[in-house]
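Worksheet for the structure shown next.
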Amino acid sequence: MPLDRLVLYIVAGIAVLVALSYLVAVVIGAVAIGPLGLVVLIPVAVVAYIAIRIIRERVGNAEDDYYDRIER
């Protein structure tokens, strides 16, 4: 495995762990402040849903893979 790909995997893994820990902290904080805190979870869930949909669309769209068809 090339070194640049290994570093990319490590950085992506760290980014995922940071994002998940932030999300867990937001959920715990929202639950800890009471019933009004649960209202905070609705916009967080909507933003997370939209982000996941955008990422899936960008990764799964074959039309955006312009550089895959270039000969080397």
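Heads up: numbering here begins at 1 and tracks the sequence. It should be emphasised that the depicted structure is a prediction, and the values quoted were computed from it without experimental measurement.
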Atom pairs and distances, side-chain donor-acceptor, residues 32-46, under 3.5 Å, sequence neighbours left out:
none

Partners meeting side-chain contact (heavy atoms from CB on, under 4.5 Å) with Ile55 (sequence neighbours left out): Val59
Let me have the donor-acceptor pairs involving side chains of residues 5-25, under 3.5 Å, with sequence neighbours excluded, atom names and distances please.
residue: Ser21; atom: OG; partner: Leu17; partner atom: O; Å: 3.1
residue: Ser21; atom: OG; partner: Val18; partner atom: O; Å: 2.8

